[in-house]
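To start, the structure under review is shown below, and the notes come after it.
Position 1 is the first residue of the sequence; numbering continues from there. Source: prediction; values computed, not measured.
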Amino acid sequence: MAKNYDSLTKSIAAYVGGAENVISVFHCATRLRFKVKDEKKVEKNRLEQLEGVISVIESGGQIQVVIGTHVGDVYAALLKNTDIKGQAEGDDGTDAGADGEKKNPVNLFMETISGIFAPILAAMCGAGLLKGLLILCTTVGVLTSDMGTYRILYAAADGVFNYLPMFLAITAARKFKTNEFLALAIAAALLYPDITSAYSAGEALTFLTIPVTLVSYTSSVIPIIISVYVLSKVEKWLKKVLPEMIKSFMVPLLCITIMVPATYLVIGPISDTAGNLLASGYTSLVGFNPIIAGLLLGMLWPFIVMFGLHWGFAPIVMNNIAQYGRDTLFTITGPHNMAQAGATLGVFLKTKDPGLKSLSGSAAISAVLAGITEPAIYGITLKYKRPFYIGAVFSGIAGAIVAACGAGAPTLLTTSLLTLPGYIGQGFVGFLIACAIAYFGAAIVTFLFGFNDNMLLDGAKTDADEKNVSNMDDSKSDVASVGMDKVEETTSYVELKMPTDGRLIPLSEVNDDAFSTGLLGMGAAVVPENGTICSPCDGVISAVYPTGHAIGITSKEGAEVLIHIGMDTVSLEGRGFNVKVENGQQIKTGDVLVVADLEVIRAAGLDTTIPIIIANTDAYTQIKPAETGSKRAGEVMIYGVAK
């Protein structure tokens with residue numbers, strides 16, 4: 001059964017400043033990427049605290065909300081449940097940010113490239129993996145290249161890359177806000193069989209007596225992206241200058257007539273030359289000293305991935321494949337996945353905390369099997385710092401080995417156990433050795449020196465102070481087991497206990513927007529099994545509502561705690577509520593506050609869920625619920641880290 005992301009997506013929309021603050025949003029393999037008008041309206045801390053959000057990063061001119069491998073489902077729910085559109089009208093995405101200000105050129109480039117490549121990553125990764133499996137099948141003799149089965153499957157795998165300009169035409173047209181089918185028409189002309197055959201035969205063509213420099217556009221990247229960008233300007237200009245009565249047919253006619261020859265005569269040859277220079281420059285850099293180049297690339301790659309900039313290198317990779325038939329850049333940096341997976345495995349093997357063990361185990365499997373490292377990085381290694389740095393060191397060591405042995409891949413691949421067959425060829429054994437060193441080396445060193453359970457509480461402090469990673473979907477740990485007995489030694493933390501037996505749920509599941517969106521404060525909620533409601537902390541009663549449905553407590557640490565018994569229960573006017581405390585009364589954890597008759601509440605058709613929030617949320621850098629599920633009164637349900 002598909003998971004419901006309605007509440008999560010509504011909260012995300014609220015915390016990015018609402019639909020009116022979002023220019024556009026799209027998603028890549030693991031994160032939602034928002035382009036917003038005013039970054040000051042984005043409540044990063046609250047986004048990070050949402051159950052289902054791994055982390056929030058400001059990079060490349062985007063607000064990147066890291067979700068995980070199910071980001072596609074969350075994206076679909078976001079568009080369904082909010083007024084946010086996947087593509088905002090009137091923004092060409094090229095030269096200005098909010099309010100028309102000029103944007104940082106590096107951020108602009110990364111944002112543009114990721115926006116063009118992100119939508120087709122699924123097709124590219126699937127086709128790349130299929131290519132790898134076919135290589136394995138032919139290597140072990142299961143298939144031969146002349147078999148119909150092989151040819152059909154190879155067409156499925158290679159078709160994506162052979163006709164890559166057509167895929168890029170669509171995504172570039174969406175990014176630059178121009179007609180997708182006109183962009184496709186240009187791509188189709190570049191791949192037209194007659195012209196492709198002319199290139200292969202070395203024919204000399206002219207256009208209106210102007211010599212045409214023919215180049216190969218199959219698998220190319222840069223020519224079609226530049227051509228579609230120019231198309232967006234030409235189309236916009238034509239719509240402005242042509243009379244209304246002829247626009248419908250003259251705009252497409254002139255766009256195709258102008259842009260196809262312009263691409264063949266100017267854009268294609270120039271961009272192809274630029275791409276070749278880029279590819280040869282990278283090759284020369286690696287060739288000058290492959291060990292040093294591989295070491296530096298490998299060590300820096302985890303930080304590049306951390307900021308979500310790695311897909312900005314995709315044009316270099318695809319150009320390498322088009323120019324040389326293979327790529328070494330993503331091959332050199334590939335063992336990074338194994339290193340972070342290994343570091344996460346080290347944490348899994350070392351920790352005795354059940355919540356962290358569950359989280360680190362699933363993140364390690366995701367990284368090593370699928371090559372999806374964000375859960376491992378944001379949920380584990382970066383959180384505790386040392387595992388991340390250990391992973392980076394082994395990524396560098398492995399990168400040096402891969403570069404030295406000259407390993408490469410004939411297609412775009414993300415490194416994982418499943419994609420290893422795709423690297424069969426020159427340097428394959430060295431690549432396997434590098435991956436093994438990265439994985440097992442990072443795991444062993446992390447186990448021995450990189451992590452211990454004493455870092456759990458320190459990790460909470462560091463995360464809170466830096467306002468970094470928190471609350472990953474399925475990543476919540478039972479705080480009762482993370483050494484929270486140390487809380488009594490300081491007022492920097494507040495710990496709230498279950499007020500009654502029941503089922504702990506995230507605040508986002510409460511059937512009331514004021515609570516579920518965190519507008520009243522962050523916390524959690526209890527679906528009670530009985531109506532005896534006890535104090536979740538030591539403190540002073542700060543408010544007793546006349547109807548008895550809500551109690552306010554100021555804890556000894558200064559947390560302003562609100563306990564709201566049921567939804568809309570104020571309408572009962574006190575019926576079913578027997579209040580046991582009074583304003584100003586000193587109370588201890590477990591003291592009875594209210595005895596509520598749950599049957600009276602249910603008979604009135606009302607929800608008995610009890611939200612418990614910390615109203616002065618701004619005084620805390622982290623408020624985190626315990627692991628959800630059935631709990632007994634007195635078990636830890638929430639802890640907060642004060643500023």
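Between Thr171 and Ile120 there is a side-chain heavy-atom pair separated by less than 4.5 Å. The shortest distance between side-chain heavy atoms of Val579 and Leu593 does not fall below 4.5 Å. Counting only heavy atoms from C-beta outward, the side chains of Ile610 and His564 never approach each other to under 4.5 Å. Counting heavy atoms from C-beta on, the side chains of Leu50 and Ile12 come closer than 4.5 Å. Taking 4.5 Å as the limit, every side-chain heavy atom of Leu345 sits out of range of all side-chain heavy atoms of Val368. Residues Thr532 and Cys534 are in side-chain contact: their nearest non-hydrogen atoms beyond the backbone lie under 4.5 Å apart. The shortest distance between side-chain heavy atoms of Val561 and Leu496 falls below 4.5 Å. Side-chain contact between Ser416 and Leu369: absent, with no pair of heavy atoms (C-beta onward) separated by less than 4.5 Å.
Lys497 pairs by the salt bridge (Lys or Arg N to Asp or Glu O under 4.0 Å) definition with Glu495, not counting sequence neighbours. Here Ala13 pairs with Leu78, Thr82, Ile84 under the side-chain contact (heavy atoms from CB on, under 4.5 Å) rule; sequence neighbours left out. Taking the side-chain hydrogen bond (donor to acceptor under 3.5 Å, both in side chains) definition, one finds that Thr500 meets it with Asn530, sequence neighbours left out. Residues forming a salt bridge (Lys or Arg N to Asp or Glu O under 4.0 Å) with Arg386 (at least two apart in sequence, or on another chain): none. Judged as a side-chain hydrogen bond (donor to acceptor under 3.5 Å, both in side chains), and not counting sequence neighbours, the contacts of Arg632 are Asp501. Residues satisfying the side-chain hydrogen bond (donor to acceptor under 3.5 Å, both in side chains) criterion with Thr9, sequence neighbours excluded, are Asn81. In this view, Asp6 satisfies the salt bridge (Lys or Arg N to Asp or Glu O under 4.0 Å) rule with no residue, not counting sequence neighbours. Take Asp607 and apply the side-chain hydrogen bond (donor to acceptor under 3.5 Å, both in side chains) test, not counting sequence neighbours, and it matches Thr609. Looking at residues two or more places apart in sequence or on another chain, you find no ring pair (Phe, Tyr, Trp, His ring centres under 6.0 Å) involving Tyr439.
Annotation: cation-pi geometry not satisfied between Lys624 and Tyr639 (NZ/CZ under 6.0 angstrom from ring centroid, within 45° of ring axis). A cation-pi contact, defined as under 6.0 Å to the ring centre and within 45° of the axis, links Lys357 to Phe348.
For Val526 against Gly502, the heavy-atom pair with the smallest separation is CG1-CA, 4.2 Å. The two atoms that bring Val25 and Tyr75 nearest to each other are O-OH, 3.5 Å, heavy atoms only. Contact record, Lys350 with Phe451: NZ-O, 3.2 Å, taken as the closest heavy-atom pair. Nearest heavy-atom pair, Lys40 versus Asp38, reported as atom, atom and distance to 0.1 Å: N-OD1, 3.0 Å. The nearest pair of heavy atoms linking Pro536 to Ile563 is CD-CD1, 3.6 Å. The two atoms that bring Ala559 and Tyr620 nearest to each other are CB-OH, 3.2 Å, heavy atoms only.
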| task | For Met567 and Phe515, run side chain to side chain contact (heavy atoms under 4.5 Å, CB included): C-alpha distance rounded to whole Å, both residues' side-chain angles, the deciding distance at 0.1 Å, then the answer. | result | CA-CA 10 Å; Met567 298 292 100; Phe515 287 107; 4.1 Å; yes

| task | Test Ile63 against Val56 for side chain to side chain contact (heavy atoms under 4.5 Å, CB included), laying out the working first. | result | CA-CA 7 Å; Ile63 302 298; Val56 179; 4.0 Å; yes

| field | Worked verdict on Leu47 versus Asn45 for side chain to side chain contact (heavy atoms under 4.5 Å, CB included) | value | CA-CA 5 Å; Leu47 278 172; Asn45 286 347; over 6 Å; no

| said: Between Arg503 and Glu529, is the side chain to side chain contact (heavy atoms under 4.5 Å, CB included) condition met? List the steps. | reply: CA-CA 8 Å; Arg503 180 166 56 90; Glu529 294 178 3; over 6 Å; no

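Considering CE of Met637 and SG of Cys537, their distance stands at 11.0 Å, rounded to 0.5 Å. With rounding to the nearest 0.5 angstrom, the CG atom of Leu8 is 11.5 Å from the NZ atom of Lys10. Taking CD1 of Ile613 as the reference point, atom CE of Met522 lies at 10.0 Å (rounded to 0.5 Å). Once rounded to the nearest 0.5 Å, the distance linking CZ of Phe447 with OG1 of Thr351 reads 11.0 Å. To the nearest 0.5 Å, the span separating CD1 on Ile533 from CE on Met498 amounts to 9.5 Å. In this structure, CD on Glu557 lies 9.0 Å from CD1 on Ile614, to the nearest 0.5 angstrom.
Panel note: side chain Asp538, backbone Thr589; a donor-acceptor pair is recorded below 3.5 Å. In this structure, Asn616 contributes its side chain and Ala619 its backbone to no donor-acceptor pair below 3.5 Å. Checked by atom type and distance alone, the side chain of Thr608 never pairs as donor or acceptor with a backbone atom of Gly566 at under 3.5 Å. Looking only at distances, no side-chain donor or acceptor of Ser366 sits under 3.5 Å from a matching main-chain atom of Ser362. The backbone N or O of Glu582 sits less than 3.5 Å from a side-chain atom of Gln585, completing a donor-acceptor pair.
Side-chain polar atoms of Thr381 and Gln340 form a donor-acceptor pair below 3.5 angstrom. Judged by distance alone, the side chains of Ser535 and Asp591 never bring a donor and an acceptor atom under 3.5 Å apart.
By the 6.0 Å contact criterion, CG on Asn511 is open, its count of non-hydrogen atoms from other residues, nucleotides or ligands being 12 or less.
Taking the six-membered ring for Trp, Tyr384 and Tyr389 have ring centres at least 6.0 Å apart.
Under the salt bridge (Lys or Arg N to Asp or Glu O under 4.0 Å) criterion, no residue pair touches residues 515-524, with sequence neighbours excluded.
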Scan the side chains in residues 594-605 for donor-acceptor partners under 3.5 Å anywhere in the protein, sequence neighbours excluded, and list what turns up.
| unit_1 | atom_1 | unit_2 | atom_2 | d |
| --- | --- | --- | --- | --- |
| Asp597 | OD1 | Glu599 | N | 3.1 |
| Asp597 | OD1 | Val600 | N | 3.3 |
| Glu599 | OE2 | Arg602 | NH1 | 2.9 |

With a cut-off of 3.5 Å and sequence neighbours excluded, list every side-chain donor-acceptor pair involving residues 543-553.
| unit_1 | atom_1 | unit_2 | atom_2 | d |
| --- | --- | --- | --- | --- |
| Thr547 | OG1 | His549 | ND1 | 2.4 |

